[in-house]
Amino acid sequence: MMPVLLCAFYNVCDGGPVVLRNITKETGITFRHTDGGSGERYAVEPFSAGLALFDYDNDGNIDIYFLNGAPLKGTKFDISPKNALYRNEGNWKFTDVTKKAGVGDTGFGLGVTIGDYDNDGDPDIYLNNYGPNVLYRNNGNGTFTDVTEKAGVGCGFKMGAGTCFLDMDKDGDLDLYVSNYFDFTYEKHTTHTVHGIPVYVGPGFYPDIPDIIYRNNGDGTFTDASKASGVAGHVGPGMGMVCSDYDNDGDTDIFVANDMKGNFLFENDGTGKFEDVGLFAGVAYDLNGEQHGSMGVDSGDYDNDGWLDFHETSYQTQWATLYRNLGDGIFEDVTPVTGAGTGTLPLVTWGNSIVDFDNDGFRDIFIACGHIQDNIERYDDTATYLERNILLMNTGDGKFVDISDKSGDGMNVKLSSRGAGFDDLDNDGDIDVVILNSRREPTILRNDSPSKGHWIQVRLRGTKSNRSGVGAHVKVVAGDLTLVDEVHSGRGYQSHYGMRLHFGLGNREKVDRIEVRWIGGGVDVRENLAVDRLLTITEGDGKTIGRTIE
Amino acid sequence: MNIHYKFGNSENQETDLPPVDSRFPGRLNVWFLLVGAIVGAGIIIFLVTQNWWNSDENLKSEMQRLQEWESQVGSALPRTIEALKQEEIEVTKQLTDNFPNHVEPIALLGTVYNNQGKTQEAEKCWQRCLSLDPDYANAYDNMGWIAMRRADYEKAVAMWRKVLQIKPRKPGVYQLIANGLLCLGRSSEAIAALKKEIEINPKLYRSYFFLGQEYSHLKEYEKAKQYYEAAMKIEPRFANTYFGLATVCARLGQKDESRQYREKFKELKAQQYEREKNSSEAFDDMASMSEKVSMTNTEIGRFYLEQGNSLRAEQLWQRAAALDPKNTDCRRGLTALYETANRLGEALEIYEQLRNIEPDNAMNYAFIGALNARLERFDAAEEAMKKAVQLAPHRSEGNSMLAQLYLHRNKNLAEARRLAQTAVKLDPSTWNYLVLSEACDKNGDLAGAVSAMEAVVKKEPYNMEYKMMLRRLQERK
């Protein structure tokens with residue numbers, strides 16, 4: 001009797017190396033997403049939205065910012081839906097501070113990124129909406145101010161998608177990339193049916209629109225540098241994106257996942273001029289040369305070879321795809337040979353991350369799933385609107401195995417997930433998960449994995465380079481293990497997370513060396529460091545500030 | 001994934017005049033009757049062997065069914081796609097009820113379910129097919145596709161291996177197995193399967209393409225390149241091959257070649273993107289769903305006819321015609337039925353519909369001409385036949401038919417001879433020589449008539465009738 005009860009109440013019988021517990025109800029989070037739909041099936045509805053995990057008040061706890069849809073034509077709400085900021089009070093309790101913080105944007109939310117664009121030491125928020133975009137400047141006292149107009153980053157009225165801050169020209173401040181999906185308007189709205197069932201339509205039925213890149217003028221304003229940077233010459237239905245120095249040449253490149261058109265990989269020449277090398281590099285298409293209905297993209301070194309790989313999510317009948325960086329400017333689609341696509345083919349996949357859940361030193365893959373069509377079951381019984389998410393464990397030999405079935409009740413949740421964020425929400429040294437679900441409450445997953453390896457987290461403070469350390473490259477050496485990572489602003493499916501870099505170390509009890517290569521070329525090295533701690537490294541500062549987390 | 005099943009070959013639609021049976025009917029004017037009857041001849045023979053119409057009981061039963069049918073679906077067309085889908089299921093289910101021990105109707109129901117996204121129901125149908133006929137390979141094939149769609153690669157491979165047990169050299173199956181194996185990461189087995197496919201079907205470019213891909217993964221780039229090149233040779237418009245070639249050339253350090261292939265890939269992909277942009281292939285509307293249901297009715301009608309039930313075939317084809325104003329298959333079926341039953345006016349009406357659907361198809365004009373001639377509407381016949389000649393001047397039949405019409409009506413005899421001569425030039429067949437002989441004779445050119453008839457006899461020396469005709473001409477000479 002007792003074992004059965006234990007299993008039922010505590011899920012201790014999950015048996016897997018990773019256990020993710022669904023603790024949504026315990027958190028006090030009451031946010032509920034809406035896509036603003038009125039039944040007309042406007043194309044923008046199913047693509048909402050991403051989320052952001054970041055420490056808005058610099059109290060050491062990762063807070064959560066959910067994006068929300070807004071009433072579309074024909075829809076009315078008694079209370080306008082808005083984005084929501086939840087302050088992490090610790091012990092898995094969250095407080096809605098949206099109103100106080102002044103970040104309850106009522107625009108139609110799609111993508112979000114976080115970065116300290118004004119280098120004042122606190123993280124700011126940029127929202128890529130359907131409609132005018134918003135830049136919230138963090139006032140440093142728990143409140144934000146809408147500075148969009150002043151900054152000049154409103155973007156007009158477009159259907160946005162992913163967005164990232166990056167220092168494209170190594171001048172020490174954060175520039176801004178804004179991905180746009182397609183030119184949807186009510187006037188251009190079109191509907192189609194499959195077997196007589198009305199469905200949402202995507203790109204192809206609307207004109208593509210170019211993305212925008214803004215150069216930070218360093219005075220709180222931005223200048224549209226799309227043409228000068230070379231980005232404006234490339235038009236595609238942009239979705240999620242990530243900025244990453246894939247070729248390790250010290251500047252930040254840009255990966256834009258395009259929906260049903262080759263992905264862009266903009267290689268930076270070091271001055272903020274870009275050339276699309278996606279096709280050459282082998283990430284524009286999958287191994288067959290087929291374009292994907294790409295959704296989200298993340299960057300991380302899954303095979304610990306020192307090169308950042310890409311993982312891209314996609315549409316039904318396409319694998320979520322893992323591109324291995326071969327280190328010579330070329331990637332190889334290793335999805336079938338690694339098993340990284342396991343379980344994804346019949347699903348529509350969205351938020352994702354290459355992240356180490358069990359601290360064994362090998363990064364696993366989490367994939368948020370859920371169909372676009374809320375009525376898919378009516379015309380395709382091989383698919384469902386609500387889906388379980390997928391957790392693929394890295395076995396350390398270049399392969400992945402699907403451990404979703406034995407990773408706790410958090411992996412049994414069936415919803416239509418979109419953006420997902422990954423960070424250590426309870427500061428216990430492992431990575432937790434927050435998922436935004438279309439039309440529903442979010443899912444909060446606490447990492448309760450049974451046997452944890454050692455770990456170290458690294459938080460960067462730029463001085464010459466941008467304050468957030470965005471784009472900085474970090475190498476951690478612990479015995480025979482060498483790990484690399486990079487500070488990203490904006491990643492996955494139109495989301496932001498993981499600015500505090502997390503390294504699982506397995507059984508290594510100390511870190512021999514940490515090397516930080518800042519944007520601009522400066523390098524800081526720390527040696528002989530204790531594990532199981534959050535380490536803050538300030539650019540050019542000989543001191544290392546660290547604290548051990550119990 | 002496309003799983004299409006058809007009872008018969010519906011691809012033999014001529015876009016031009018068909019070859020004419022060369023048997024001589026004895027009198028030229030009888031030939032007009034034969035032109036229309038050619039299509040129906042097979043049906044007549046079939047019906048004779050079935051002897052179905054001699055049964056009063058059958059006829060009564062058919063009349064009852066006709067009335068039932070008309071009361072069910074013969075009236076208004078469905079107004080929604082849902083209703084169309086329902087009709088498609090119902091009419092196919094009715095077929096399976098009528099022929100519960102026949103594999104084909106059940107397989108068709110499976111296909112209908114599958115096309116409507118009801119794969120579980122489809123699978124049940126294909127399982128039933130296998131219980132009736134364990135060697136029904138299509139069932140395994142279709143279930144393999146469904147398993148792939150559900151990402152159940154092991155099952156997909158197992159299903160396709162079953163196909164090979166039944167049809168060991170069925171083209172394409174090894175390639176499907178290879179695809180499943182690739183999804184399972186079983187590369188070496190996939191390579192073996194692909195090589196087997198090439199043995200069976202050396203023209204399947206995708207097998208070479210996949211081999212290129214696998215050898216590329218194995219870092220055997222030279223070998224990969226060879227296979228990609230083989231794929232390109234067979235199908236130079238397949239963009240993805242150039243993607244593979246660009247990749248392996250880059251790995252081999254062949255930068256210029258890699259760049260050229262990349263450019264070619266970009267060019268072909270851009271074309272593909274433009275083609276597929278705004279494509280509504282994945283979507284449907286009333287019109288496209290009506291077309292699908294119309295085709296299903298056509299196939300079912302064909303099956304009923306094969307089983308000797310021409311009344312039901314007619315109902316279904318009429319329904320198919322009503323559902324899709326451009327369905328030519330069902331209309332051709334109807335014309336054959338009507339001609340067989342000597343319902344010439346109705347046959348003519350349908351041929352006129354076919355002519356409107358395919359205004360460039362000379363065959364339709366030829367048949368309209370022949371039917372009008374049978375109905376003694378000679379002006380209309382002449383006009384149609386002239387159009388047939390105009391549309392297909394390189395074919396002999398139109399010239400020959402028009403010549404016959406003039407000869408039959410004793411008008412434009414000189415033109416008739418010219419047409420007959422043209423027909424002989426285009427096709428020196430027995431029949432055309434016969435027409436020429438008649439034309440020469442009617443123009444007072446007895447020597448020409450004899451000469452043409454000699455050519456006839458030379459072609460068919462054992463035909464006594466031709467010999468007699470020649471003798472009669474020679475005697476007159």
Side-chain angles (χ1 to χ4, degrees), chain A residues 190-199 201-208 236 260-262 277 279-282 284-291 316-317 319 326 328-347 376-383 399-400 402, chain B residues 1 80-85 113 115-122 146 148-153 181-187 190 209-210 213 216-217 219 238-244 246-247 250-251 258-259 262 265-266 268-269 272-273 276-280 282-286 288-289 292:
Chain A
T190 177
T191 55
H192 284 274
T193 61
V194 175
H195 301 318
I197 313 293
V199 295
V201 298
F205 289 89
Y206 301 94
D208 298 338
M260 291 317 292
K261 201 173 183 181
V277 297
L279 177 56
F280 174 81
Y285 300 88
D286 71 8
L287 80 170
N288 292 322
E290 289 295 337
Q291 62 274 29
Q316 185 188 6
T317 73
W319 271 330
L326 302 182
D328 56 358
I330 295 176
F331 291 76
E332 184 181 9
D333 177 348
V334 292
T335 313
V337 294
T338 58
T342 308
T344 63
L345 198 76
L347 309 178
I376 181 73
E377 294 93 336
R378 288 182 64 197
Y379 63 89
D380 178 358
D381 66 4
T382 65
K399 307 271 187 195
F400 291 87
D402 187 347
Chain B
M1 179 178 67
T80 65
I81 295 178
E82 289 285 357
L84 275 167
K85 282 164 61 181
Y113 275 130
N115 290 345
Q116 292 193 11
K118 296 169 181 166
T119 60
Q120 289 171 19
E121 292 298 322
I146 288 179
M148 272 301 272
R149 190 161 174 185
R150 292 178 184 150
D152 188 350
Y153 311 120
L181 292 168
L182 289 174
C183 293
L184 290 163
R186 286 152 60 178
S187 180
F209 171 76
F210 288 131
Q213 205 172 78
S216 181
H217 278 310
K219 304 197 188 314
F238 183 51
N240 301 17
T241 306
Y242 298 96
F243 180 79
T247 306
R251 302 278 200 281
S258 176
R259 185 180 45 75
R262 216 163 41 240
F265 172 76
K266 271 163 78 173
L268 291 172
K269 267 288 164 186
Q272 183 191 335
Y273 187 74
E276 291 174 0
K277 207 171 178 187
N278 294 317
S279 159
S280 54
F283 304 104
D284 54 36
D285 49 21
M286 275 301 286
S288 64
M289 196 67 202
K292 285 178 197 164

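Chain letters run A, B, ... following the sequence lines, proteins first and then strands; every chain starts at 1. Just so you know, these numbers come straight off a predicted model, no measurement behind them. All values below were derived from every heavy atom in this structure, side-chain atoms included, with hydrogens, water molecules and symmetry-related copies excluded.
No other option in A:T342, A:L345, A:L279 has as many heavy-atom pairs under 4.5 Å with chain B as A:L279. Of the listed residues B:S288, B:G185, B:C183, B:S187, the one with more heavy-atom pairs under 4.5 angstrom with chain A than any other is B:C183. If you tally non-hydrogen atom pairs under 4.5 Å between each of A:T317, A:V337, A:L287 and chain B, the highest count goes to A:L287.
The part of B:Q213 that comes within reach of chain A is its side chain, from C-beta onward, which places non-hydrogen atoms under 4.5 angstrom from that chain. Contacts of B:M286 with chain A are absent, with no heavy-atom separation under 4.5 Å from either backbone or side chain. For a residue to count as touching a neighbouring chain, one of its non-hydrogen atoms must lie under 4.5 Å from one of that chain's; by this rule A:D328 does not touch chain B. Proximity to chain A (any heavy atom under 4.5 Å) is restricted, for B:Y153, to the side chain, taken from C-beta onward.
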Q) Could you go step by step and tell me if A:L326 and B:R251 meet the side-chain contact (heavy atoms from CB on, under 4.5 Å) rule? A) CA-CA 11 Å; A:L326 302 182; B:R251 302 278 200 281; 3.6 Å; yes
(Q) Using side-chain contact (heavy atoms from CB on, under 4.5 Å), reason through A:V334 and B:H217 one step at a time and then give a plain yes or no. (A) CA-CA 8 Å; A:V334 292; B:H217 278 310; 5.7 Å; no
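A donor-acceptor pair is defined here as one N or O able to donate and one able to accept, closer than 3.5 Å; such a pair exists between the side chain of A:H195 and the backbone of B:N115.
Taking CG of B:N240 as the start and CG of A:D286 as the end, the distance is 8.0 Å to the nearest 0.5 Å. Rounding to the nearest 0.5 Å places NZ of B:K118 at 14.0 Å from CD of A:E377.
The side-chain heavy atoms of B:M289 and A:T193, taken from C-beta on, include no pair separated by under 4.5 Å. Using a 4.5 Å heavy-atom cutoff, the side chains of A:N288 and B:F243 are not in contact. Annotation: side chain of B:E121 is not in contact with side chain of A:D381 (no heavy-atom distance under 4.5 Å).
Of all the heavy atoms in A:M260 and B:Y273, the pair that sits closest is O-CE1, 3.4 Å.
For B:K269, the salt bridge (charged side-chain N to carboxylate O under 4.0 Å, His left out) criterion is met by A:E290, not counting sequence neighbours.
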